[in-house]
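Please see the structure below; I have some questions.
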Amino acid sequence: FIMELYLDSANLKEIEEGFKLGFLDGLTTTPTFMQREGISDIDGMIVRLSKMVPVLQIEALGNTAEEVMAEAQRQLKLGLDPKRTVFKIPVSLEGVRACKLLRNAGLMVNVHLVYTLQQAYMAMHAGATYVCPLVGRLQDQGHDALALVEQCVTAVNRYGYPTKVMFSSVRHAEHVRNAINVGVHTITVPLKVLKALTDNNLTQMGTEQFIRDTRLMTVRVKDAISGINPLVKGATTLKDAIVKMTEFGFGAVTVTNNDGTLKGVFTDGDLRRLLQKEGEHILGKKIGDLEYKAPVSIDADTLLNEAAAL
């Protein structure tokens, strides 16, 4: 099977951003999420979300199995597609009875707020489409939530229940790695965790290196040079040269002789080395008194790679 990836949210901006990826399998949401977002028209929001995502998992609440069934049927009458809607039911004796009623009617059910294997077993035996342990919440109480998830997966595989184990209450990217290793069928994650799944400092460093190297091989000098070229005369003090660099937001100044000919280029790296070697008194020294390598002229059509080798 393929491990399904759901987004866990009721924030429209997050949902729009997440589903732009094009491969998320569905959306889980809760009344608590909606309350936090200040949503008052729950039915209107449900209908709107149903048109945005492949599969929508929503709460069907009631004190009895019959009330849960009636609520699910009421929500379907809003225009929801039963093939793309999963009704979430908190686990309880009436909850698993409601699960059986909905499954007999051909509706999909997620029995959630599961914290023990016994609860998960009752949901599986009632025919739940999904059973949903809340990992983060259980870990908050000091329990071994990963062991519970693994036991649920083992039960499904051992007894052949047509139930998918959904890893939920995800707090960080490590939870996603845990879910993959345990072998769950589905995971639902908040957007901030989803966005972190492709992050890695080594990957970023490697990508930046590739971009730099590609630029060296494909970009010509004329296309890379800046239009900013602050000039200072040789009589300028280092202190005033720093002011010029700061004024232009540039890490270097071009130094000219009194007759306007090019003497050299002074960079912020040169400045740091001088300060480290000679101390702050160097700031009063004239920039023209420093030694510079002979300027090298480069044809504007030269590739950066060739220019860097000069």
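None of these values were measured; they are calculated from a predicted model.
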For the residue pair T302 and D299, confirm or rule out a side-chain donor-acceptor distance under 3.5 Å.
no
Notebook entry, point to check: Is any side-chain heavy atom of V55 less than 4.5 Å from a side-chain heavy atom of D25?
Noted result: no
Exceeds 12 heavy-atom contacts within 6.0 angstrom, atom CZ of R48: no
Just checking Y121: does its OH atom have more than 12 heavy atoms from other residues, nucleotides or ligands closer to it than 6.0 angstrom? no
- prompt: Just wondering, are more than 12 heavy atoms of other shown residues or ligands nearer than 6.0 Å to OH in Y159?
  reply: no
Is D270 salt-bridged to R273, going by a charged N under 4.0 Å from an acidic O?
yes
Rounded to the nearest 0.5 Å, the CD atom of Q35 sits from the OG atom of S40 at a distance of 11.5 Å
Test your reading of the model: is there a side-chain donor-acceptor pair from K164 to the backbone of N110, 3.5 Å cut-off?
no
- Query: Hey, are E71 and R74 close enough for a salt bridge, meaning a charged N less than 4.0 Å from a carboxylate O?
  - Reply: yes
- prompt: Do the side chain of R84 and the main chain of V53 share a donor and acceptor less than 3.5 angstrom apart?
  reply: yes
### Message
Tell me if the CG atom of D43 is crowded by more than 12 foreign heavy atoms within 6.0 Å.
### Response
yes
Can you confirm whether more than 12 heavy atoms, excluding those of R137, are under 6.0 Å from its CZ atom?
no
Say whether V189 and Y6 are linked into one hydrophobic cluster, either directly or through other cluster members, by side-chain heavy-atom distances under 4.5 angstrom. no
Q. For E247, does the CD atom sit with more than 12 other heavy atoms under 6.0 Å from it, leaving out its own atoms?
A. yes
- Message: Between T256 (side chain only) and L262 (backbone N and O only), is there a donor and an acceptor less than 3.5 Å apart?
- Response: no
Tell me whether the rings of F1 and H185 are parallel (<30°), tilted (30 to 60°) or perpendicular (>60°). tilted
- [ ] Answer yes or no: is there an ion pair linking E174 with R177, defined by an N-O contact shorter than 4.0 Å?
- [x] yes
Non-hydrogen side-chain atoms of Y292 and V265 separated by less than 4.5 Å: no
Review point. Side chain of R103, backbone of A126: donor and acceptor closer than 3.5 Å?
Key: no
Note to self: Does R212, at its CZ atom, have more than 12 non-hydrogen atoms belonging to other residues, nucleotides or ligands within less than 6.0 Å?
What the structure shows: yes
Rounded to the nearest 0.5 Å, the CG atom of L194 sits from the NZ atom of K192 at a distance of 13.0 Å
Side-chain donor/acceptor of T188 to backbone N/O of T28, under 3.5 Å
no
| query | Do N257 side-chain atoms and D259 backbone N/O form a donor-acceptor pair below 3.5 Å? | reply | no
Give a yes or no on whether the backbone of A128 and the side-chain of T163 come within a donor-acceptor separation of less than 3.5 Å. yes
With a 3.5 Å distance limit and no angle check, can you tell me whether T218 reaches the backbone of T214 through a side-chain donor-acceptor pair? yes
- prompt: Is the backbone N or O of N178 less than 3.5 Å from a side-chain atom of N181, with the two atoms forming a donor-acceptor pair by type?
  reply: no
>> With a 4.5 Å cut-off on side-chain heavy-atom distances among I, L, V, M, F, W and Y, is there a chain of contacts connecting V86 to L24?
In response: no
More than 12 heavy atoms of other groups within 6.0 Å of Q209 CD: yes
### Query
Among the clusters formed by ILVMFWY side chains lying less than 4.5 Å apart, do V96 and L61 turn up in the same one?
no
Worksheet item: Are E17 and E14 close enough that some pair of their side-chain heavy atoms sits under 4.5 Å apart?
Response: no
Closest non-hydrogen contact found for S9 with I15 is O-CD1, 4.0 Å
Would the distance check show the side chain of E67 and the main-chain N or O of N63 forming a donor-acceptor pair, the cut-off being under 3.5 Å? yes
